[in-house]
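Everything below concerns the one structure shown next.
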Amino acid sequence: MRTRSLRLRLFLFGAAAIAGALALAGFVLVLLFEHHVERTMDDDIETYVRQLVSDLAVDSDGRLRVITATPDPRFARFRSGFYWQVAGGDSRDVERSASLGEEALEISGRCESGERIAYHRLRGPWGNALLGGERCVALGGAAASRLRVLVALDLSGVARARDAFAAELFAALLLIAIGLAFATWIQVGLGLAPLAGLGVAVSEIAKGRRRRLDSPAPPEVWPLIDEVNGLLDERDKEIERARNRAADLAHGLKTPLTALAADARLLREKGETEIARSLDRIGDAMHRHVARELARARSRGVARGGEPTPVAEVVDALARTLASAGTEARFEMRIAPKARIAVDRVDLMEILGNLMENAARHARERIRISFGGGLFIVEDDGPGLPEGSEALIRRRGGRLDETGGAGLGLAIVQDVLDAYGADMRFSRSALGGLRVEVDLSGAAEFPVAG
């Protein structure tokens, strides 16, 4: 697929939007998960702090005692990540959990009495990050009995839980991204389907199978359809004007050319043969140029819509016309009776008429016309191409009428074929003479029923 494809650009934009949205969602979910785990730790810390506060006492010697430590066994395992500490007014008067060993938790700031628990992030004795909850209590209201109760939990468990959650979340989001990308591709295809339909319709217009864009389309495409239809209408009007001008030209020159031919005959009767011959050459040149320009002007009206032309019917009519004009060669047709082609009937008669007339002029006994798949083949058993003329025929821009061997008719055929984007190919026929191939498959319309 081309990188400038509209489908690909829309898909890449959609995929990038999906990736960005899922990445942002994943980041937010990981943060929310981490925050949720820390809130759970806050609740656990509050529970442990309240248990410790309820078990505090000062003995008769004024020393701090913890009557019953928290029952969680992790506080009794050394460096387990669960620590508690109770410090009295004397900094040496400290009670701590067995998990701390001989180490102590350091926390700065004043301690205010109250029910509220203050949470801190602090560095543990072994350099690990801890989340601590502290509450200051005063036993018996004595200032000497003001105590700082601290419970701290290791945050490394939160990091491990966060990383495990992020890995599972990434896998889930990747599957979601693949599913959404597939859905985006389908959505883009469905969204561009009307444009594909328009492309098919335009192709059918180019082949003459329809006249206008009239297929159902979304409202967003209507302006484009209206503009294309407007261009087609304007083109049809221009073609009609060109045809009218061609007809006017033919009508306007018919009388002067007839008069010129009559003057040439009169001069010939008076013995002025050289002048008569000169006038005949001038009249013939004018006739050839007019015929060519008329063919060009009229051939711009390539059939758009309407019924395709029946091939066998046109070939049969041309063969009968040539036979009545004195052609003695026998015509052989290899054409399906119901073959059709989306070419203007007059254009097809211009093409085949000149080819068949040229073949009839040089054939000895047989002329064969074949058609299939949009390819016309006209063959004869005559002498074939004059020596040295084939290179000129095949050269782009070569004019066959200038060789003196093929005549004006083939040049007019090429002018008509140019309007259809077609060309002629010349070769030696199996019959012994010239083989002319005209490929109009670009305008062919099938089915070609037999």
Side-chain angles (χ1 to χ4, degrees), residues 25-59 63-139 145-172:
F27 177 74
V28 172
L29 287 174
V30 170
L31 288 181
L32 291 176
F33 175 81
E34 185 176 16
H35 185 59
H36 171 73
V37 173
E38 290 186 2
R39 283 204 308 268
T40 303
M41 292 179 66
D42 291 345
D43 294 339
D44 292 340
I45 289 173
E46 181 179 4
T47 299
Y48 295 141
V49 168
R50 294 188 183 280
Q51 288 179 352
L52 284 172
V53 170
S54 64
D55 290 335
L56 293 179
V58 178
D59 61 13
R63 296 186 63 81
L64 174 64
R65 293 289 182 269
V66 179
I67 301 174
T68 304
T70 175
D72 193 321
R74 288 174 289 187
F75 287 99
R77 190 171 66 250
F78 182 64
R79 296 184 64 175
S80 65
F82 283 66
Y83 313 108
W84 63 260
Q85 174 179 291
V86 180
D90 185 353
S91 60
R92 294 172 297 176
D93 189 9
V94 177
E95 291 287 331
R96 60 180 65 85
S97 62
S99 57
L100 280 172
E102 297 300 323
E103 302 294 336
L105 300 174
E106 299 293 337
I107 188 168
S108 60
R110 293 186 57 186
C111 180
E112 300 291 340
S113 300
E115 294 292 327
R116 189 178 64 86
I117 297 176
Y119 294 93
H120 311 277
R121 288 181 179 269
L122 58 150
R123 183 67 57 184
W126 297 284
N128 51 331
L130 303 177
L131 177 62
E134 179 190 39
R135 181 181 172 189
C136 295
V137 297
L139 295 181
S145 301
R146 188 178 298 276
L147 306 175
R148 304 183 72 164
V149 180
L150 175 63
V151 174
L153 304 183
D154 197 330
L155 287 173
S156 60
V158 176
R160 288 192 299 271
R162 179 199 61 209
D163 294 342
F165 175 78
E168 295 177 357
L169 181 64
F170 174 78

To check you understand the geometry: which heavy-atom pair defines the closest contact between [X] and [Y], and what is its length?
{"X": "Tyr83", "Y": "Leu130", "value": "CE1-CD2, 4.0 Å"}
{"X": "Trp84", "Y": "Val151", "value": "CB-CG2, 4.0 Å"}
{"X": "Val30", "Y": "Ala166", "value": "CG2-CB, 3.9 Å"}
{"X": "Glu103", "Y": "Pro125", "value": "CB-CB, 3.6 Å"}
{"X": "Ala98", "Y": "Ala76", "value": "CB-O, 3.7 Å"}
{"X": "Arg123", "Y": "Gly127", "value": "NH1-O, 2.6 Å"}

Could you measure the distance from the [atom1] atom of [X] to the [atom2] atom of [Y]? Nearest 0.5 Å is fine.
{"X": "Leu153", "Y": "Arg74", "atom1": "CG", "atom2": "CZ", "value": "8.0 Å"}
{"X": "Asp163", "Y": "Leu169", "atom1": "CG", "atom2": "CG", "value": "12.5 Å"}
{"X": "Phe75", "Y": "Arg96", "atom1": "CZ", "atom2": "CZ", "value": "15.0 Å"}
{"X": "Leu150", "Y": "Leu52", "atom1": "CG", "atom2": "CG", "value": "9.5 Å"}
{"X": "Tyr119", "Y": "Ile45", "atom1": "OH", "atom2": "CD1", "value": "6.5 Å"}
{"X": "Ser97", "Y": "Arg77", "atom1": "OG", "atom2": "CZ", "value": "11.5 Å"}

Exercise. Around Phe27, counting heavy atoms of other residues, nucleotides and ligands shown, do more than 12 lie under 6.0 Å from its CZ?
Worked result: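 Count not over threshold, so no.
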Problem set entry | Intermediate values then yes/no, side-chain hydrogen bond (donor to acceptor under 3.5 Å, both in side chains), Asp72 and Tyr48 | CA-CA 9 Å; Asp72 193 321; Tyr48 295 141; 2.7 Å; yes
Exercise. So, Ser99 side chain and Phe82 main chain: donor-acceptor pair closer than 3.5 Å or not?
Worked result: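 Looks like yes, one N/O pair under 3.5 Å.
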Exercise. Just by modelled atom types, is the Leu105 backbone N or O under 3.5 Å from a matching donor or acceptor in the Gln85 side chain?
Worked result: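 Checked: pair present.
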Exercise. Looking at Glu106, Glu95, Glu134, which one forms a salt bridge (charged side-chain N to carboxylate O under 4.0 Å, His left out) with Arg148?
Worked result: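 Looking at Glu106, Glu95, Glu134, the match for Arg148 under the salt bridge (charged side-chain N to carboxylate O under 4.0 Å, His left out) is Glu134.
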Exercise. Who pairs with Glu38 by side chain to side chain donor-acceptor pair (under 3.5 Å), at least two apart in sequence or on another chain?
Worked result: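 Scan of Glu38 (side chain to side chain donor-acceptor pair (under 3.5 Å), adjacent residues dropped) gives Arg121.
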Exercise. Do Met41 and Leu155 have side-chain heavy atoms sitting under 4.5 Å apart?
Worked result: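 With C-beta onward as the side chain, the pair touches.
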For this session: Show the numbers, then the answer: is there a side chain to side chain contact (heavy atoms under 4.5 Å, CB included) between Ile117 and Val149?
Result: CA-CA 9 Å; Ile117 297 176; Val149 180; over 6 Å; no
Problem set entry | Pairs involving residues 28-37, ordered by first then second residue, that meet side-chain hydrogen bond (donor to acceptor under 3.5 Å, both in side chains) (sequence neighbours left out) |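 Every side-chain hydrogen bond (donor to acceptor under 3.5 Å, both in side chains) pair that includes a residue of residues 28-37, provided the two are not neighbours, is Glu34-Arg162, His35-Arg39.
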Problem set entry | Residues Arg50, Arg135; criterion side chain to side chain contact (heavy atoms under 4.5 Å, CB included); working and verdict | CA-CA 9 Å; Arg50 294 188 183 280; Arg135 181 181 172 189; 3.8 Å; yes
